[in-house]
Each structure stands twice: as C-alpha cells, then as structure tokens.
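Ligands are counted one by one from 1 in listed order, and the atoms in each one are counted from 1 as well. Sequential numbering from 1 along the given sequence is applied to the chain's residues.
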Amino acid sequence: MTTMTGQPTMTTPSFPKGFLWGGAIAANQAEGAWNEGGKGLSLSDLTRGGLLHDKMDPAVDPGAYYPSHEAIDFYHRYPEDVALFAEMGFKCLRTSIAWSRIFPNGDETEPNEAGLAFYDGLFDALLAKGIEPVVTLSHYETPLHLIRTYGGWADRRLIGFFERYARTVFARYAGKVRYWIGFNEINMAPVIPLAAAALELDDDLSPADRQSRLFQAAHHQFVASALAKKACRDLVPGGQMGCMLQLGGIYPATCKPEDVFAAMQVRRRSLFYSDVLLRGEYPNFIWRMLEEAGARIDIANDDLEVLRAYPADYLSFSYYFTTTFADGMPVLGNTGGIDGKPNPYLEASAWGWPIDPKGLRYVCNEVWDRYRKPLFVVENGLGAVDEVGPDGSIEDDARIAYLDAHLQQLAEAIADGCGVIGYTWWGPIDIVSAGTGEMKKRYGFIHVDKDNDGKGTLQRRRKKSFHHYRRIIASNGASILET
Ligand code: BG6
C-alpha cells in the first residue's frame, strides 16, 4: 500500500528490511578494567550500590567492593562476547565510550592513546562480524574530576570539554561508527541527577536552587548536544547523531481532569528535553514551569541559534514500563522511569517494574506523532533472577515472554506508521545493574557466572532466550509474529 504522497507503508505488523536488531550495554556496567589503559575515575567507579543512592564515596576505599571495577571484564573478554553476539545474528551493538578512557580527567587537551586504541579494537571486532556499533558518548559515567572540580553539568565549561571529546572520537572512528548518541537518558536528571547530569546536589538546597541547577545543567547539555551534532556532520561521513531519553509511558491515574492534566505535565517535563533536541527550540510551556519552580537559568547569546541550527537526527529511547500519575504526587523515579502509582491491570517484575508491552506501542505513536523523526528503541528488557539447572541450562521463559510481547507491540507500532529503525535489547549479556549495582538482576541472553559480591568464574553460558532471539533475528521478526 502507498500513502497519498507515494510513500510505502506497512499496515500489517512486521519489521522493515534492514531493521537494526541487536543489544545494548554501557561501558561502566560491562568493561571493568577501571584503572587500566590510563583510564581516569568516573562517577560509577565510586558508587557501590548503584546510582539510585546518588551518593559517591569521597575516594576509592581499598577494602570495599565496587561493582564497576571488574564488572563482567568485557574489556578483556570482548572477543568472546562479540562472537556470541554474532552467533545471535546481531546487526548492531549499542555500547558507550567511557569518556575517562579518552580524557582521564575530562579537561585535558590531548587524548589518551591507549583508550582510543581499545575502542579501535572493539569496533574492528564488531565490524569484522558484520555488527554495526551504535555508540553513546555519555552513559552515566562522567569523569569524576569534572564533578569534583567543576560541579558537573551546571558549569558551562563542560560544554567545551564535551565538544573536544566528541570531536576526538568522531575523527578517530569516522570510518567505523555511523550511529552516535549524545547523553543517555538525558531527561532523567530530575530523578537521578548524579547519573544523568553529573550533579552532586546537597540535600539542603532550596527547591528553587535545586531546579535552577537541574535546568542549567540541561541547558548546557542541550548546547553540548547541538555542538556534537555539528561535529558529527563535519567529521563523520553519513553520520547520524541521536538524542536519547527514558520514555517509560505515563498514564493518568484516573480520568479526573486534574489527574489527566497532571500526567500531561509530568510527561511534558520529560518531553521538554526531546522538544529542544529534536525541534531545536524551547517549548513555550517550559517558561511557565521554570517560573513556577522559581528557577533561573543563564542562556548565552548564541545558544538558541546553535540549538536551532543543529537538531538531533533521530530519537533513541529506553522503554521498560509505564506508570500512572495523579495530581499532587511528587515526581520520583529510578533507572526504569518515573515511579507513580501501581497500575492494577499490570503484573510487575521481581524488582517491581510493571510489565506493559502495549505501552511500547503507545509511546512509539506518541513520539512519532510529535516529532516525525526516526525512532530507535535502544533499551528494553527484563531484569530477573535466573536459576542455573544441574546441567547448566537456564530456562528463562519469563524473559522470552517479555521479549516476544514487546516486539509484537513494536511491530504493531510500525504498522501504525511509526518510523522505527531498530531495537536493541538491554543487557544481552548479564551486566551490573545501573540502579542497584547487583549482578542478580539479570537481563542477559548470555549468563555470566558472577554474584552480587563479585564472586564467580565469569564464564559465559547461553540461556534459552539466546536461541530464541537468534531465531527472531534470522526471520526478521517473523518467528514471533506468526504465533
Ligand atoms: C536504563 C539505563 O535506565 O536502565 C541502564 O540506561 C540501566 O544503564 C537500565 O542498566 C536498567 O536499569 P537497572 O537499574 O535495572 O540496571
């Protein structure tokens, strides 16, 4: 079928040719090797129990266990892991560059060659297997020095440091990486400010000062994103620069008009980020929100022009769950999204995350209608406890059911007309949980023998879902649409 403009549409659920199937990880949750190859400290190297705690140790305590220091040792073991991804048929792997491997403190003028060489090796290994790297520049792993010396993204000088970093890696990997992403879940700063905006906010800050710092940091990240888009255009032939948001869905808790409006407002507080990054301008509603919060931000002369000139090319997002929101509720959340009220119609995971496949179709349509820019689902997955059977097998049927149900709804969204270019399952290999620092919260199709205390052989093992995902990719999704 074609539209009136002659564009082809797919009105039956299916996945387009060339769809980017794969998985997503982040450097600090997988690589380990926290002090090898000249790497500097990042914020995740000083957090023990995950980022929900939002507090770092003052310095590394030699007697304490830090999950990121070894993680799953992807730094040394990636050839084996890449081979397993290739066996599943991955078309792409989303990972991040640890900024502090390239610029150990973040503010140097010359990069660290050993860090650059590490990613050359990784990207070459992926490309040799026909797997396209999709690379996030900043995934909850800002160099520590930028936080302790400058105060994180509330300081304008970080824009220049980030631009230098982006230009360095764009120039180095121009022939290897086409898909780039700026800040992971940029809109999560209000609920996890340390992770998303490198802000250590004092508990005794006044609400207005807290909001000022959050909005100021967001503004600096917007300008940095726009300058990175410009750099990508200048340096990467065929490069695509995406923005990345956490887009768990928000439903009104009831049909009471106050609840409906409150749900819209909390959603806008998130979509404000993608509005600026994709449309290149601040939405009108944000000025009133700023005023009501008593927040003040500095915007330099040319900033708005820069934002307008260099919007992102695509919207990538994570989707784990939906929540319901009622008037007057505080906006709280975690790595999976905003924590509102429980939805009585949904089951939840062992970590209390509601399971709502249809919400993925809802969100795709919501943002496609708003932006009309390519969508890339770069995180979706189920964190669960896995039992290893006596013969070493792992029957992770709940993970398979979650995967199938979400992909079926994604295919529906595509049939609705949404321009979705790819899907990367979060944590295709077990990695450290960002929120809690646990290994027990497993997302992988590949099991890693390691527990919450850091004990285990690190041996990799295929779970039942490994074979299932391989069949899905081999059939371009048809295997789960026929059932
Ligand atoms: C996303 C993050 O918020 O959620 C990932 O981008 C994170 O880094 C993922 O791992 C799942 O959260 P958690 O806390 O279960 O690891």
Heavy-atom pairs closer than 4.0 Å: do any link ligand 1 to the side chain of Tyr319, the backbone, both, or neither? neither
Using the ring centroid of each side chain, check whether Phe215 and His219 are separated by less than 6.0 Å. no
Which residue and atom name correspond to the protein heavy atom nearest atom 12 (O) of ligand 1, and how close is it? Thr335 OG1, 3.2 Å
Leu307 vs Val223, side-chain contact (heavy atoms from CB on, under 4.5 Å): CA-CA, chis, key distance, verdict: CA-CA 6 Å; Leu307 297 181; Val223 177; 4.3 Å; yes
Specify side chain, backbone, both or neither for Glu185, according to which of its non-hydrogen atoms lie closer than 4.0 Å to ligand 1. side chain
Considering only non-hydrogen protein atoms, determine which one is nearest to atom 7 (C) of ligand 1 and report residue, atom name and distance to 0.1 Å. Ala434 CB, 3.6 Å
Students should be able to answer this: which protein heavy-atom is nearest to atom 9 (C) of ligand 1, and at what distance? Tyr320 OH, 3.3 Å
Taking only heavy atoms of Tyr443, which atoms of ligand 1 are found under 4.0 Å from at least one of them? 11 (C), 12 (O), 13 (P), 15 (O)
Does ligand 1 have any atom sitting under 4.0 Å from a heavy atom of Trp351? no
I'd like to know if Asp203 and Lys55 make a salt bridge, using a cut-off of under 4.0 Å between side-chain N and carboxylate O. yes
Non-hydrogen atoms of His139 versus ligand 1: any pair closer than 4.0 Å? yes
Using a cut-off of 6.0 Å, state whether more than 12 heavy atoms not belonging to Lys440 lie near its atom NZ. no
With a 4.0 Å cut-off, would you call Arg279 and Asp275 a salt bridge? yes
Give the atoms of ligand 1, by number and element, whose distance to some non-hydrogen atom of Gly435 is under 4.0 Å. 13 (P), 14 (O), 16 (O)
How are the rings of Phe74 and Phe85 set to each other: parallel, tilted or perpendicular (split at 30° and 60°)? tilted
Measuring only between side-chain heavy atoms, which start at C-beta, is Glu412 closer than 4.5 Å to Lys358? no
Atom 2 (C) of ligand 1 - nearest protein heavy atom and its distance: Glu379 OE1, 3.3 Å
Kindly confirm or rule out an N or O of Asn184 lying under 3.5 angstrom from an N or O of ligand 1. yes
Please list, in number order, the atoms of ligand 1 under 4.0 Å from a heavy atom of Ser433. 13 (P), 14 (O), 15 (O), 16 (O)
Contact summary for Thr142 and Ala198, nearest pair of heavy atoms: OG1-CB, 3.7 Å
Identify, for atom 10 (O) of ligand 1, the protein heavy atom at the shortest distance, and state residue, atom and that distance. Gln29 NE2, 2.9 Å
Does the ring of Phe118 carry Arg101 above it, NZ/CZ under 6.0 angstrom from centre and within 45° of its axis? yes
